[in-house]
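Taking it in order: structure first as structure tokens, then the write-up.
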Amino acid sequence: MTTVGISENKGRLHPHKFLLWVGMASIVMMFAGLTSAYVVKRTFSNWMEFGLPSVFWISTVVILVSSLTMHLALKNFKAHERKKYKTLITVTAVLGLLFAILQLYGFTQLHERGIQIFGIGSNASASFLGIIVGLHALHVIGGIIALLIIFFRAYGTKVKRYDKTPIEIVAIYWHFVDILWIYLFLFFSFT
């Protein structure tokens with residue numbers, strides 16, 4: 001096994017991280033616009049009120065724990081604790097997949113309660129929930145794909161490169177989708 005250290009350019013933001021921050025800023029603006037529209041539409045007379053399924057609380061805990069394991073994975077990678085890093089990145093990827101499954105199950109529960117998200121019989125409130133949470137789900141899927149890529153790299157790379165930038169980027173993005181979900185969950189729970 002060969003270990004290669006990567007020199008860092010201290011004090012300058014990596015171009016990939018800069019692009020990530022620009023992308024996250026645009027995502028924040030999109031969700032701010034959608035949730036603002038939700039608040040405006042909520043005043044309409046045919047607006048339907050319904051509570052979120054309890055499984056969304058569980059999924060919230062799961063994504064919070066996954067954010068913690070992602071943080072610890074990055075910390076162990078930086079400390080060259082390869083075995084701990086592999087374990088933690090595996091747990092993070094599994095929790096990410098579990099979060100997506102729980103979200104899907106939550107929408108199944110809504111359907112069983114007679115709440116139609118889209119199409120005939122749907123209401124604007126349910127459709128807003130479907131669009132906003134659906135867009136978040138797309139971002140989560142992107143995060144899961146990134147997690148799986150670094151997961152397979154952790155187990156498949158012959159030459160161990162300690163370039164922390166790709167893992168930092170995935171960690172930043174994963175924390176971002178976590179915070180975004182917390183915002184959306186609180187928004188739909190208390191508006």
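One N or O on the side chain of Tyr173 and one on the backbone of His139 form a donor-acceptor pair closer than 3.5 Å. No donor-acceptor pair closer than 3.5 Å links the side chain of Ser66 to the backbone N or O of Leu95. Looking only at distances, a side-chain donor or acceptor of Asn123 sits under 3.5 Å from a matching main-chain atom of Asn46. Remark: side-chain polar atoms of Ser189 are not paired, donor with acceptor, to backbone N or O of Leu186 under 3.5 angstrom. Here the side chain of His136 pairs a donor or acceptor atom with the backbone of Val177 at under 3.5 angstrom. Not a single donor-acceptor pair under 3.5 Å links the side chain of Thr43 to the backbone N or O of Val39.
A donor and an acceptor atom, one from each side chain of Trp174 and Thr92, are nowhere located under 3.5 Å apart. Between Tyr105 and Ser59, the side chains place no donor N or O within less than 3.5 Å of an acceptor N or O (distance only, hydrogens not considered).
Heavy-atom minimum distance, Gln116 versus Gly121: CB-O, 3.6 Å.
Residues Lys86 and Glu81 are not paired through a salt bridge, judged by the lack of any N-O separation under 4.0 Å between the basic side chain and the carboxylate.
Side-chain contact between Arg113 and Pro53 is present, with heavy atoms from C-beta onward closer than 4.5 Å. By the 4.5 Å heavy-atom criterion applied to side chains, Val170 and Leu74 are not counted as neighbours. Under the 4.5 Å side-chain criterion, counting only non-hydrogen atoms from C-beta, Ile117 is not in contact with His111. Annotation: side chain of Ile144 is not in contact with side chain of Phe99 (no heavy-atom distance under 4.5 Å). Between Leu20 and Phe176 the shortest side-chain heavy-atom distance does not fall below 4.5 Å. Side-chain contact between Phe188 and Val133 is present, with at least one heavy-atom pair separated by less than 4.5 Å. Counting heavy atoms from C-beta on, the side chains of Met24 and Ile172 come closer than 4.5 Å. In this structure the side chain of Tyr85 reaches within 4.5 angstrom of the side chain of Ile150, judged on heavy atoms.
A continuous path of hydrophobic side-chain contacts links Phe152 to Phe77 [ILVMFWY only; heavy atoms under 4.5 Å]. The hydrophobic clustering, which links ILVMFWY residues whose side-chain heavy atoms are closer than 4.5 Å, places Trp21 and Ile169 together. Note: the hydrophobic cluster containing Met70 does not contain Leu72 (ILVMFWY, side chain heavy atoms under 4.5 Å, direct or indirect links). Tracing side-chain contacts under 4.5 Å through hydrophobic residues (I, L, V, M, F, W, Y), one never reaches Ile101 starting from Val55; they form parts of separate clusters. There is a path of hydrophobic side-chain contacts, each under 4.5 Å, that joins Leu147 to Tyr155.
Between the OG1 atom in Thr69 and the CG atom in Asn76 there is a gap of 11.0 Å [rounded to 0.5 Å]. The distance from atom OG1 of Thr35 to atom CD1 of Ile132, rounded to the nearest 0.5 Å, is 6.0 Å. Atom OG of residue Ser125 and atom CD1 of residue Ile115 lie 8.0 Å apart, to the nearest 0.5 angstrom. Expressed to the nearest 0.5 Å, how far NZ of Lys75 lies from CD1 of Ile167 amounts to 15.5 Å. Taken from CG in Leu64 to OG1 in Thr60, the straight-line distance is 7.0 Å, to the nearest 0.5 Å. To the nearest 0.5 Å, the span separating CD1 on Ile63 from CG on Leu68 amounts to 13.0 Å.
Checked against the 6.0 Å centroid criterion, the rings of Trp47 and Tyr38 qualify as a close aromatic pair. Centroid-to-centroid, the aromatic rings of Trp181 and Phe56 come within less than 6.0 Å.
No more than 12 heavy-atom neighbours from other residues, nucleotides or ligands sit within 6.0 angstrom of CZ on Phe18. Around atom OH of Tyr183, more than 12 heavy atoms belonging to other residues, nucleotides or ligands sit under 6.0 Å away. Summarising the local packing, NZ of Lys17 is surrounded by more than 12 heavy atoms from other residues, nucleotides or ligands at distances under 6.0 Å. Within a 6.0 Å sphere centred on NE2 of His14, heavy atoms belonging to other residues, nucleotides or ligands number more than 12.
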Before giving the answer on side chain to side chain contact (heavy atoms under 4.5 Å, CB included), spell out for Glu49 and Arg42 the whole-Å C-alpha distance, their side-chain angles and the decisive distance to 0.1 Å. CA-CA 9 Å; Glu49 298 285 344; Arg42 195 165 183 262; 3.3 Å; yes
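Using cut-offs of 30° and 60° for the angle between ring planes, the His175 and His71 rings count as tilted.
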